[in-house]
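Naming: A, B, ... by sequence-line order, numbering from 1 per chain. All values below were derived from every heavy atom in this structure, side-chain atoms included, with hydrogens, water molecules and symmetry-related copies excluded. Just so it is clear, the model here is predicted, and its values are computed rather than measured.
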2 protein chains.
Amino acid sequence: MNEYTDTALQITKSWNAYQAACPTRLMLNRIADKWTVLVLGLLALETKRFSLLQREIGGISQKMLTQTLRGLERDGLVLRTVYPEVPPRVEYSITPLGQTLVGLLAELRRWSETHIEAVLQAQQAYDQQAHAATDQEISGIRRIRF
Amino acid sequence: MNEYTDTALQITKSWNAYQAACPTRLMLNRIADKWTVLVLGLLALETKRFSLLQREIGGISQKMLTQTLRGLERDGLVLRTVYPEVPPRVEYSITPLGQTLVGLLAELRRWSETHIEAVLQAQQAYDQQAHAATDQEISGIRRIRF
DNA sequence: CTGTATCCTAATCGATACTG
DNA sequence: CAGTATCGATTAGGATACAG
């Protein structure tokens with residue numbers, strides 16, 4: 001058991017992200033995508049078109065935005081609507097499934113904003129110790145730099 | 001304003017992940033790391049040593065585990081403790097800062113497990129439409145496959 | 001405007017070998 | 001045991017050109 005077979009309607013939710021082949025890994029990777037949080041965060045507020053999304057997300061290339069949106073669409077988190085006009089207009093909106101995720105993603109952004117200072121400080125401390133010290137400072141002898 | 005200067009003690013929290021240079025992007029990327037969720041999820045339960053972590057996380061290579069742990073340590077989310085024994089024993093534990101994140105990460109895993117079926121289904125539907133159809137189905141004319 | 005296609009570079013990652 | 005170092009393969013990603 002605990003396999004990921006195609007057995008339809010199997011009740012036993014045997015998902016376990018700690019196993020290499022578990023498909024929930026794919027979802028974690030999608031959520032974990034560099035741009036997903038930002039794209040979904042914007043679409044959670046309102047339907048937007050391609051060019052506006054690109055303008056509002058600093059540093060994203062056209063290629064990456066396209067790629068991210070395609071992925072989100074394929075995963076059922078975003079709906080793509082093409083209006084047959086010239087010039088073409090394409091609008092992206094969030095789906096109900098996508099909506100179930102936005103709260104979580106907002107919390108991630110909030111966590112980052114709240115704790116970034118602590119993290120940056122930790123990084124500085126880490127980098128300063130240089131970590132060439134080979135671990136005898138555990139015994140109470142603190143290494144002195146230079 | 002809204003710059004990321006070094007001005008110490010500046011109160012105005014001007015973080016905005018939608019700007020390319022915002023350091024909170026780094027945090028999002030760390031959280032978004034393929035392995036972070038899994039590693040921190042285990043360490044949230046109890047202190048563990050290297051080899052055990054690797055055994056419990058299916059598919060992670062030694063290199064990636066090392067790399068992930070170093071990053072987490074540098075960010076102040078994980079504490080690395082070396083016991084000067086032979087053979088060496090190294091234990092990894094979660095820090096208070098790391099603790100503030102585990103609830104969120106657990107929710108991510110839970111979301112993935114809860115919605116993976118809907119996502120897989122959406123993917124199937126998406127793949128089946130093949131998306132060679134160039135958008136005239138918007139007008140009500142549904143394309144028929146083959 | 002909203003893409004796709006191509007080229008090219010840089011980063012990622014696994015596998016393997018080796019060290020204290 | 002817990003790594004580091006190195007190599008090669010794959011992938012991610014930016015830049016550019018171009019199409020509908």
Side-chain angles (χ1 to χ4, degrees), chain A residues 20-21 25-26 28-30 32-36 38-39 42-43 47-74 78-93 130-139, chain B residues 20-21 25-26 28-30 32-36 38-39 42-43 47-74 78-93 130-139:
Chain A
R25 281 269 183 95
L26 298 176
L28 283 177
N29 291 347
R30 158 103 274 129
D33 182 83
K34 191 177 181 184
W35 303 111
T36 293
L38 299 176
V39 170
L42 286 179
L43 296 183
T47 294
K48 285 182 196 292
R49 44 198 300 191
F50 189 90
S51 52
L52 187 56
L53 282 171
Q54 190 172 15
R55 249 175 291 133
E56 292 188 332
I57 302 176
I60 194 169
S61 68
Q62 188 181 52
K63 181 181 175 180
M64 281 302 101
L65 181 54
T66 302
Q67 198 168 299
T68 303
L69 287 168
R70 287 294 170 281
L72 290 171
E73 187 194 2
R74 190 173 103 99
V78 157
L79 180 69
R80 178 172 178 266
T81 312
V82 182
Y83 296 93
E85 305 169 351
V86 274
R89 181 163 55 102
V90 180
E91 286 191 344
Y92 293 92
S93 57
H131 282 256
T134 18
D135 307 325
Q136 56 228 40
E137 62 269 25
I138 278 277
S139 52
Chain B
R25 281 269 183 95
L26 299 175
L28 282 177
N29 291 347
R30 158 106 270 123
D33 183 83
K34 192 178 180 184
W35 302 112
T36 293
L38 299 176
V39 170
L42 286 178
L43 296 183
T47 294
K48 285 182 198 293
R49 44 199 298 190
F50 189 89
S51 53
L52 187 56
L53 282 171
Q54 189 173 15
R55 250 174 292 132
E56 293 187 332
I57 301 175
I60 195 171
S61 68
Q62 187 181 51
K63 180 182 176 182
M64 281 302 100
L65 182 53
T66 301
Q67 198 169 298
T68 303
L69 287 168
R70 288 293 171 283
L72 290 171
E73 187 194 3
R74 191 173 103 100
V78 156
L79 180 68
R80 177 171 178 268
T81 311
V82 182
Y83 297 94
E85 306 169 355
V86 274
R89 181 162 55 103
V90 180
E91 286 191 342
Y92 293 92
S93 57
H131 283 255
T134 18
D135 307 323
Q136 57 229 39
E137 62 269 26
I138 279 277
S139 54

Taking only residues two or more places apart in sequence, or in another chain, which ones meet Arg89(B) in a salt bridge (Lys or Arg N to Asp or Glu O under 4.0 Å)? Glu85(B), Glu91(B)
Is there any protein nitrogen or oxygen under 3.5 Å from a nitrogen or oxygen in nucleotides 6-13 of chain C, and what are the pairs?
{"from": "dC13(C)", "atom 1": "N4", "to": "Lys63(B)", "atom 2": "NZ", "distance (Å)": "3.3"}

Could you tell me whether the side chain of Ser51(B) reaches within less than 4.5 Å of the side chain of Gln54(B), counting heavy atoms only? no
Within a strict 4.5 Å, meaning less than it, do heavy atoms of the Arg80(B) and Val82(B) side chains meet? yes
Can you find a pair of side-chain heavy atoms, one from Leu79(B) and one from Glu73(B), that are under 4.5 Å apart? no
In this structure, how many angstroms lie between the C1' atom of dG14(D) and the CD atom of Gln54(A), rounded? 12 Å
All N/O contacts under 3.5 Å from nucleotides 1-3 of chain D to the protein, with atom names and distances to one decimal?
{"from": "dC1(D)", "atom 1": "O3'", "to": "Arg49(B)", "atom 2": "NH2", "distance (Å)": "3.0"}
{"from": "dA2(D)", "atom 1": "OP1", "to": "Arg49(B)", "atom 2": "NE", "distance (Å)": "2.8"}
{"from": "dA2(D)", "atom 1": "OP1", "to": "Arg49(B)", "atom 2": "NH2", "distance (Å)": "3.2"}
{"from": "dA2(D)", "atom 1": "OP2", "to": "Ser51(B)", "atom 2": "N", "distance (Å)": "2.9"}
{"from": "dA2(D)", "atom 1": "OP2", "to": "Ser51(B)", "atom 2": "OG", "distance (Å)": "2.6"}
{"from": "dG3(D)", "atom 1": "OP1", "to": "Arg70(B)", "atom 2": "NH2", "distance (Å)": "2.9"}
{"from": "dG3(D)", "atom 1": "OP1", "to": "Arg80(B)", "atom 2": "NE", "distance (Å)": "3.3"}
{"from": "dG3(D)", "atom 1": "OP1", "to": "Arg80(B)", "atom 2": "NH2", "distance (Å)": "2.7"}
{"from": "dG3(D)", "atom 1": "OP1", "to": "Tyr92(B)", "atom 2": "OH", "distance (Å)": "3.4"}
{"from": "dG3(D)", "atom 1": "OP2", "to": "Tyr92(B)", "atom 2": "OH", "distance (Å)": "2.6"}
{"from": "dG3(D)", "atom 1": "N7", "to": "Gln62(B)", "atom 2": "OE1", "distance (Å)": "3.0"}
{"from": "dG3(D)", "atom 1": "N7", "to": "Gln62(B)", "atom 2": "NE2", "distance (Å)": "2.3"}

Applying side-chain contact (heavy atoms from CB on, under 4.5 Å), name anything that partners Lys34(A), two or more places apart in sequence or on another chain. Asn29(B)
Euclidean distance, atom NZ of residue Lys48(A) to atom P of dT2(C) [Å, nearest integer]: 13 Å
Under the rule for side-chain contact (heavy atoms from CB on, under 4.5 Å), what residues qualify as partners of Leu53(B), not counting sequence neighbours? Leu42(B), Leu43(B), Lys48(B), Leu65(B), Leu69(B), Tyr92(B)
Using five pairs at each end of the helix from dC1(C)-dG20(D) to dG20(C)-dC1(D) to define an axis, what is the angle between those two axes, to 10°? 50°
Residues two or more places apart in sequence or in another chain: which of them pass salt bridge (Lys or Arg N to Asp or Glu O under 4.0 Å) with Arg70(B)? none
Taken in chain and number order and not counting sequence neighbours, the residues that satisfy side-chain contact (heavy atoms from CB on, under 4.5 Å) with Arg30(B) are Met27(B), Asp33(B), Thr36(B), Thr68(B), Leu72(B), Asp75(B), Leu77(B)
Starting from C1' on dG13(D), measure out to CG on Asn29(B) and report it in whole angstrom. 13 Å
When you compare the side chain of Ile57(A) with that of Trp35(A), does any pair of heavy atoms fall below 4.5 Å? yes
Separation between OG1 (Thr47(B)) and CZ (Arg49(B)), nearest 0.5 Å, reads 12.5 Å
